[in-house]
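Keep in mind that this is a model prediction, so the values were computed, not measured.
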Amino acid sequence: MSSDFEAYEQDFGTITAEVTNKIGRIPKLSGEEKTQLVLNVDKQLEEVRELMEQMDLEVREIPIQSRAMYNTRLKSYKQEVEKLEKDFKRSRIAYSDEVRNELLGDDASSSENQRAHLLDNTEKLERSSRRLEAGYQIAVETEQVGQEILSNLHSDREKIQRARERLRETDANLGKSSRILTGMLRR
């Protein structure tokens, strides 16, 4: 299982290096080339998110004693992805501001602040939504585990009741046997 995680880590390193390089190139390009690069980076960031989900699933299957180390690595990767997404949004803001300035002129400096504020708020909302989804998933998993435990407890209770009933029958049979043996000894 850890070999799968390490393979995902290698893919993660390769893709994030490419994304970082491309994000740095976005402000320097123009026209169709810039648009294609933005779309390409967006696609690669989606691949990185999917890799993170796969890595998260792998960590859940790793034995508990070594899971903490992998959780720490996964957490640092998540922080790296968040930083990449922020950098990408900033480069896209610069890109969209450039296009707007070409069309409208440089009158929109106050709207740049509003746009940055709006993008930050949108990013916070997306992060909160992801956390809520993760919390919901954990709640569903917890409910399933609870149902399994209740089912196990129910079957254990039935076994204990059957054992108790057999014990009572055995006790009654022993009592009868004891009376018969006592009667035989008297004769």
Side-chain angles (χ1 to χ4, degrees), residues 1-62 67-144:
M1 281 185 241
S2 64
S3 64
D4 289 338
F5 185 84
E6 290 166 1
Y8 290 138
E9 282 182 311
Q10 288 177 351
D11 292 344
F12 176 84
T14 303
I15 294 173
T16 54
E18 289 176 16
V19 167
T20 303
N21 182 17
K22 290 176 182 177
I23 287 174
R25 289 186 359 215
I26 288 175
K28 298 172 188 169
L29 299 175
S30 62
E32 184 63 30
E33 190 177 6
K34 191 174 216 174
T35 304
Q36 290 301 319
L37 190 61
V38 167
L39 292 173
N40 188 284
V41 169
D42 200 29
K43 182 179 177 183
Q44 284 186 312
L45 281 173
E46 184 59 35
E47 287 178 35
V48 167
R49 286 185 215 103
E50 289 174 11
L51 267 175
M52 295 298 296
E53 289 175 13
Q54 291 297 322
M55 291 166 77
D56 190 33
L57 291 173
E58 287 297 321
V59 167
R60 291 180 187 184
E61 294 180 13
I62 292 176
R67 191 179 295 170
M69 174 185 70
Y70 287 100
N71 273 331
T72 304
R73 286 159 66 178
L74 185 63
K75 187 175 180 182
S76 70
Y77 295 144
K78 286 180 181 178
Q79 290 172 345
E80 188 174 340
V81 169
E82 287 178 9
K83 183 185 178 302
L84 279 175
E85 288 175 341
K86 283 181 184 177
D87 292 346
F88 179 54
K89 284 186 180 183
R90 285 188 185 114
S91 71
R92 279 186 13 203
I93 290 172
Y95 167 66
S96 62
D97 286 347
E98 230 175 73
V99 171
R100 183 176 8 108
N101 288 340
E102 286 177 13
L103 295 174
L104 302 175
D106 288 332
D107 280 351
S109 64
S110 66
S111 68
E112 288 178 14
N113 291 337
Q114 290 176 348
R115 169 171 262 164
H117 220 313
L118 181 62
L119 285 173
D120 284 343
N121 288 339
T122 303
E123 186 177 317
K124 288 177 187 176
L125 182 62
E126 289 171 356
R127 272 197 315 260
S128 297
S129 296
R130 285 194 294 267
R131 283 190 204 127
L132 281 173
E133 284 182 5
Y136 177 76
Q137 186 65 30
I138 289 170
V140 167
E141 291 173 5
T142 304
E143 183 180 10
Q144 289 172 348

Test item: N121 and L125 side chains (from C-beta on) under 4.5 Å apart, heavy atoms: no

Distance in Å, D42 CG paired with E85 CD, rounded so as to fall on 0.5 Å steps: 9.5 Å

Cationic N near anionic O, under 4.0 Å, R49 to E46: yes

Any E18 side-chain heavy atom under 4.5 Å of Q44 side chain: yes

Point-to-point distance, once rounded to the nearest 0.5 Å, from CG of L118 to CD of E123: 11.5 Å

E58 side chain to Y70 side chain, donor-acceptor N/O pair below 3.5 angstrom: no

Verdict with reasoning, E82 to K86, per salt bridge (charged side-chain N to carboxylate O under 4.0 Å, His left out): CA-CA 6 Å; E82 287 178 9; K86 283 181 184 177; 5.8 Å; no

4.5 Å side-chain heavy-atom contact, E47 and L51: no

Pairwise distance CZ(R67) to CG(L74) - rounded to 0.5 angstrom: 12.0 Å

Full working for salt bridge (charged side-chain N to carboxylate O under 4.0 Å, His left out) between R60 and E141: CA-CA 12 Å; R60 291 180 187 184; E141 291 173 5; 3.1 Å; yes

Salt bridge (charged side-chain N to carboxylate O under 4.0 Å, His left out) evaluation trace for E126 with K89: CA-CA 13 Å; E126 289 171 356; K89 284 186 180 183; 3.3 Å; yes

Exercise: identify the closest heavy-atom pair between K22 and N40: NZ-OD1, 2.6 Å

Nearest non-hydrogen partners of E80 and T16, listed with the distance: OE2-OG1, 3.7 Å

Check ion pair D120-K124 (N to O, under 4.0 angstrom): no

Donor on one side chain, acceptor on other, Q10 and E6, under 3.5 Å: no

Side chain to side chain, L84 and V48, heavy atoms closer than 4.5 Å: no

For L45 against F88, the heavy-atom pair lying closest together: CD1-CD2, 3.5 Å

Residue pair M52 / F12, side-chain heavy-atom distance below 4.5 Å: yes

Euclidean distance, E50 CD relative to D11 CG, rounded to 0.5 Å: 12.0 Å

NZ/NE/NH1/NH2 to OD/OE distance under 4.0 Å, R25 and E33: no

